[in-house]
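Basis for what follows: all heavy atoms, side chains included, without hydrogens, waters or symmetry-related copies. Bear in mind the structure is a predicted one, so any value in this text is a computation, not a measurement.
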Amino acid sequence: MEKEQISGTAVSIIFQNDINGYTVLEFETGDGDIFNAVGSLSSVMIGERVKLTGSWTVHPTYGRQFKAEIIEREHIKTADDQYNYLASGAIRGIREATARKIIEKFGDKTFDVISKDPRRLATIKGISAERAKEISEEFNKTFSEREIIIALEKYGLNASESIKIYKALGDSAVIEVERNPYLICEDIIGMSFEKAESVAARLNTKPDSDYRIAAGVIWVLRYNLRNGHTCVPRNKLTPPCVSLLNIDKEDVEKAVDRLIDNKSIVSENVNGKPFIFLNDIYKAEKNCAKQLTFRKNFAVSGSKATDERIQQIEVISGICYNDVQKKAIRTAVEKGLLVLTGGPGTGKTTTIRAIISLFNNDGIETVLCAPTGRAAKRMSELTGYEAKTVHRLLEAEWDKNDKPVFVRNARNPIDADALIIDELSMVDITLFDSLLDALPLGCRLVMVGDSDQLPPVGAGNVLQDIINSGIIPVVELNEVFRQAMQSSIVINAHKIVHGEMPDLSVHNSDFFFLERKNPFTAAETIADLYYRRLPEAYNYSPLNDIQIIAPSRIGETGTENLNKRLQSVLNPQTKNKKEFLNAGRILREGDKIMQTKNNYDIEWTSSADGSTGIGIFNGDIGIIKKIDLLNAYMKISFDDKDVFYPIENASQLEHAYAITVHKSQGSEFKAVIIPVCGIPEKLAYRNLLYTAVTRAREILILVGDNNCVLSMISNVSKSKRYSALQSFLVMEK
């Protein structure tokens, strides 16, 4: 798209986000043309003359908007410009009348007077000496922040990035960045190493090379953290650092030693080999190992789970527990610590219900939780007891850098005698550490999950590491109950996880296979199933009951292409539906969308009970109910949570008619459609297919190539995930 340059004056601020600097300005050119300019424009002042470089966009409702990417400023010099700024309300307590008095007295020297000699302001009627001082302090603070942002922008940082740096480093931001530009890729600011390199290249003085090398090593560790690794073998850390930094291996090794010596990173032997950790992740894995070992050694047991007591629960529930379930019940009640694992249909939920019943009979206050809102809702529905998300249980709040801070911790533990957490396979090491930290002494802990599911999106391998350590009591349910055996979904899920091929020829149950060798025809069939055939045959709602779960994002049967197809037929453009272009995709009223990263700022209100909270999380699915382009927000319903969602955060949303397997973890849907052709080789493995299949409750349809199904089932290799919890547990025992 061709870039344009437009000069003019900022007339008023229509909308501004204080966190990221996204701003909607009313802008006027010299020839009187008035329009809205949008972008990271928070440092632009009312009355200021600027030159904007960017491109025009058109909203179907509100017309032209100029998306600004580069700002060039002229200083606010004239009395008229200074009046416009003061009259805009930018300084609290000054509006048109007061601004006019000040300008009439001091003219184009007004800003100098306010900044350097506020006593002269007090000579104006209506402004006391105390108020004059307050005006000066607020004015100088505003200008100080603005000057820092402008100074940072000359190093290729946009206003949003500059604001983030200023909030982290304060008034010394420019000095600090000029001294060490690699500060910006540290966790607190979180920009890329490449961005830091770009800033460094613009500096007049080349920064110390030690800063660059140290930042590069830590960047590689953080990159591996985002791929799920809590640590990296030292011999595997060096090559990517050499490649990133383009330096000798010996220089990397020396830098790693320096970082270890000054405690910036940690080296620890795991199974006899040196591994390198980031400090916070090392502490998390170590603390989890200590907490679990302590709770095992000093667990508070309950009264005996005798055969008579279990039999009473069986009579009340109408369920006959098998021997393995009884072992799990006894372990939870008598030992106070348990990992309960097993596949679909093996009785995990009925076992949990029995454990809760015995805890209740003993007067033990039991709390239930799960890692996501959908998983918690499902847990509540299956057990009959309220379950919260882990974040809600820990009463998450958010610091100035958008990092979660939990009100519940070791000093302020949760109110519970027992905690049962479901879907532990989804929980990463840092969240698990925070949860263990908030458990009171003597709190019983039951951890539930399917060890054959995919590992968490975040770092660590908590459930598998605990099971593999052999330190914590584990009960695996492996008998599929007769009632569950009536479901071909359950039967075939167990076949898949045991490496057996399902019978794809059966078409009279809840598990179907539609052969489509060509990815293009497969995509057509999937779309038709979603919007026409399943709704007509079963009265399912495409938005609420049916979910396409694809192994990949790319290709004809990937989520990107399927979402475009389905939006065009399910929610096409009309005159009555507002929409806007965002990151190459159109978001429209009525669209099914998913949140793709944790957002700790957005407030929600429950449509069920009116309760309120903060935070919309990665994987939450919702429907866009309303788009208000003038006020730059959307109203979105995420399950039973209604939110007013700022449009500048729309890059965190994507369509959810089709979602990836990884994003589906912890959720369950009435009907699931899975493409099984055109899958990239690295995603064609058994656990991925198993996880997708186990998301279906009533109907599952595979569409594609039976050879692809066979290939996935035969491929037991998983991407290697480095973690140390298992080793630390063994060391702590």
Engineer: State, without any angle test, whether Tyr538 and Glu698 hold a side-chain donor-acceptor pair at a distance under 3.5 Å.
Structural biologist: no

Engineer: Does Phe669 offer a backbone N or O that forms a donor-acceptor pair with the side chain of Arg697 under 3.5 Å?
Structural biologist: no

Engineer: If only side-chain N and O atoms count, and only distance matters, is there a donor-acceptor pair under 3.5 Å linking Gln325 with Thr350?
Structural biologist: yes

Engineer: Start with the C-alpha distance between Ile420 and Met379, add both sets of side-chain angles, then the distance that settles side-chain contact (heavy atoms from CB on, under 4.5 Å), and finish with yes or no.
Structural biologist: CA-CA 10 Å; Ile420 301 176; Met379 191 183 189; 3.9 Å; yes

Engineer: Taking the six-membered ring for Trp, are Tyr530 and Tyr657 parallel (under 30°), tilted (30 to 60°) or perpendicular (over 60°)?
Structural biologist: perpendicular

Engineer: Applying salt bridge (Lys or Arg N to Asp or Glu O under 4.0 Å) as the test, list every pair that has at least one member in residues 307-323; sequence neighbours left out.
Structural biologist: Asp307-Arg330, Arg309-Asp362

Engineer: Show the numbers, then the answer: is there a side-chain hydrogen bond (donor to acceptor under 3.5 Å, both in side chains) between Asp465 and Ser723?
Structural biologist: CA-CA 8 Å; Asp465 276 357; Ser723 61; 2.6 Å; yes

Engineer: Starting from the C-alpha separation in whole Å, work towards a yes-or-no answer on side-chain contact (heavy atoms from CB on, under 4.5 Å) for Leu338 and Val475.
Structural biologist: CA-CA 7 Å; Leu338 170 69; Val475 175; 3.7 Å; yes

Engineer: Return yes if some donor-acceptor pair links the side-chain N/O of Asn687 with the main-chain N/O of Asp452 below 3.5 Å, else return no.
Structural biologist: yes

Engineer: For Arg411, does the CZ atom sit with more than 12 other heavy atoms under 6.0 Å from it, leaving out its own atoms?
Structural biologist: no

Engineer: What is the distance from atom CG of Asn618 to atom CG of Asn599, rounded to the nearest 0.5 Å?
Structural biologist: 11.0 Å

Engineer: Give a yes-or-no answer on whether the side chains of Tyr321 and Gln311 include a donor-acceptor pair shorter than 3.5 Å.
Structural biologist: no

Engineer: Do any N or O atoms from the side chain of Asn287 and from the backbone of Lys283 form a donor-acceptor pair under 3.5 angstrom?
Structural biologist: no

Engineer: Can you find a pair of side-chain heavy atoms, one from Leu292 and one from Ile471, that are under 4.5 Å apart?
Structural biologist: no

Engineer: So which heavy atom on Asp510 is nearest to which on Ile489, and how close?
Structural biologist: OD1-N, 3.3 Å

Engineer: Any ion pair linking Asp415 and Arg408 (charged N to carboxylate O, less than 4.0 Å)?
Structural biologist: yes

Engineer: Name the orientation class of the two ring planes belonging to Phe277 and Tyr282 (parallel below 30°, tilted from 30 to 60°, perpendicular beyond 60°).
Structural biologist: perpendicular

Engineer: Test your reading of the model: is there a side-chain donor-acceptor pair from Ser611 to the backbone of Ser606, 3.5 Å cut-off?
Structural biologist: no

Engineer: Mind listing the closest non-hydrogen atom pair of Arg295 and Gly442 along with its distance?
Structural biologist: NH1-N, 4.3 Å

Engineer: Ring of Phe728, cation from Lys286 - is the NZ or CZ under 6.0 Å from the centre and inside 45° of the axis?
Structural biologist: yes

Engineer: Would you check, one step at a time, whether the test side-chain contact (heavy atoms from CB on, under 4.5 Å) holds for Lys326 with Asn322?
Structural biologist: CA-CA 6 Å; Lys326 289 177 182 178; Asn322 63 27; over 6 Å; no

Engineer: Please report the interatomic distance CG(Asn715) to OH(Tyr685), rounded to the nearest 0.5 Å.
Structural biologist: 9.0 Å

Engineer: Nearest heavy-atom pair of Leu436 and Leu445: which atoms, and what distance?
Structural biologist: CD2-CD2, 3.7 Å

Engineer: Tell me, do Asp417 and Phe359 make a side-chain contact under 4.5 Å, heavy atoms counted?
Structural biologist: no

Engineer: Say whether, by atom type as modelled, one donor and one acceptor occur between the side chain of Asp620 and the main chain of Phe617 under 3.5 angstrom.
Structural biologist: yes

Engineer: Do Asn409 and Asp437 get their side chains close enough for a donor-acceptor pair, meaning under 3.5 Å?
Structural biologist: no

Engineer: Distance-only, no hydrogens or angles: does the Asp545 side chain make a donor-acceptor pair with backbone N or O of Tyr540 under 3.5 Å?
Structural biologist: no

Engineer: State, yes or no, whether a side-chain contact exists between Asp280 and Thr430 at a heavy-atom distance under 4.5 Å.
Structural biologist: no

Engineer: Ion pair present between Arg553 and Glu654, side-chain N to carboxylate O less than 4.0 angstrom?
Structural biologist: yes

Engineer: Test side-chain contact (heavy atoms from CB on, under 4.5 Å) on Ile674 and Ile701; report intermediate values, then the result.
Structural biologist: CA-CA 6 Å; Ile674 305 174; Ile701 304 176; over 6 Å; no

Engineer: Any side-chain donor-acceptor pair under 3.5 Å between Asp642 and Thr605?
Structural biologist: no

Engineer: Do Phe294 and Leu441 have side chains that approach each other closer than 4.5 Å (heavy atoms only, starting at C-beta)?
Structural biologist: yes

Engineer: Looking only at side chains, do Asn544 and Lys670 share a donor and an acceptor under 3.5 Å apart?
Structural biologist: no

Engineer: Determine whether the side chains of Glu285 and Thr230 contain a donor N or O and an acceptor N or O closer than 3.5 Å.
Structural biologist: yes

Engineer: When you check the side-chain N and O atoms of Asn224 and Tyr722, is any donor under 3.5 Å from an acceptor?
Structural biologist: no

Engineer: Rounded at 0.5 Å granularity, tell me how far OG1 in Thr349 sits from CG in Leu477.
Structural biologist: 10.0 Å

Engineer: Does any part of the side chain of Phe513, heavy atoms only, come nearer than 4.5 Å to the side chain of Val676, both counted from C-beta?
Structural biologist: yes

Engineer: Check whether any side-chain heavy atom of Gln312 lies under 4.5 Å from a side-chain heavy atom of Asn361, and answer yes or no.
Structural biologist: no

Engineer: Tell me whether Lys592 contacts the main-chain N or O of Leu543 through its side chain, where contact means a donor paired with an acceptor under 3.5 Å.
Structural biologist: yes

Engineer: Would you compute the distance between atom CD of Gln595 and atom CD1 of Ile602 and round it to the nearest 0.5 angstrom?
Structural biologist: 5.5 Å

Engineer: Please answer whether the main-chain N or O of Val643 pairs with a side-chain N or O of Lys635 as donor and acceptor at a distance below 3.5 Å.
Structural biologist: no

Engineer: For the pair Asp639 (side chain) and Lys641 (backbone), establish whether a donor and an acceptor sit closer than 3.5 Å, ignoring hydrogens and angles.
Structural biologist: no

Engineer: Nearest 0.5 Å, please: how far is CG in Asp450 from CG in Leu463?
Structural biologist: 8.0 Å

Engineer: Determine whether Thr691 and Gln453 satisfy the following criterion, side-chain hydrogen bond (donor to acceptor under 3.5 Å, both in side chains), listing intermediate values before the conclusion.
Structural biologist: CA-CA 5 Å; Thr691 301; Gln453 299 278 2; 3.1 Å; yes

Engineer: Would you indicate whether the side-chain heavy atoms of Ile281 and Leu225 approach each other to under 4.5 Å?
Structural biologist: yes

Engineer: Strictly below 4.0 Å, N to O, side chains only: are Arg378 and Glu668 in salt-bridge contact?
Structural biologist: yes

Engineer: If you take all heavy atoms of Ala692 and Ile549, which pair is closest and at what distance?
Structural biologist: CB-CG2, 4.1 Å

Engineer: Check the side chains of Ser607 and Asp640 for a donor-acceptor pair under 3.5 angstrom, ignoring hydrogens and angles.
Structural biologist: no

Engineer: Is the CG atom of Asn539 crowded by more than 12 outside heavy atoms at less than 6.0 Å?
Structural biologist: no

Engineer: Please check if atom CD in Glu479 has more than 12 non-hydrogen atoms from other residues, nucleotides or ligands closer than 6.0 Å.
Structural biologist: yes

Engineer: Quick one, Val480 and Ile491 - any side-chain contact, counting heavy atoms below 4.5 Å?
Structural biologist: no

Engineer: Return yes if some donor-acceptor pair links the side-chain N/O of Thr293 with the main-chain N/O of Lys290 below 3.5 Å, else return no.
Structural biologist: no

Engineer: Please report the shortest heavy-atom distance between Ser509 and Ser488, naming the atom on each side.
Structural biologist: OG-OG, 3.2 Å

Engineer: What's the separation between atom CD in Gln291 and atom CG in Leu729, rounded to the nearest 0.5 Å?
Structural biologist: 11.5 Å

Engineer: Looking only at heavy atoms, which two atoms of Ile679 and Pro551 are closest? And how far apart?
Structural biologist: CD1-CG, 3.6 Å

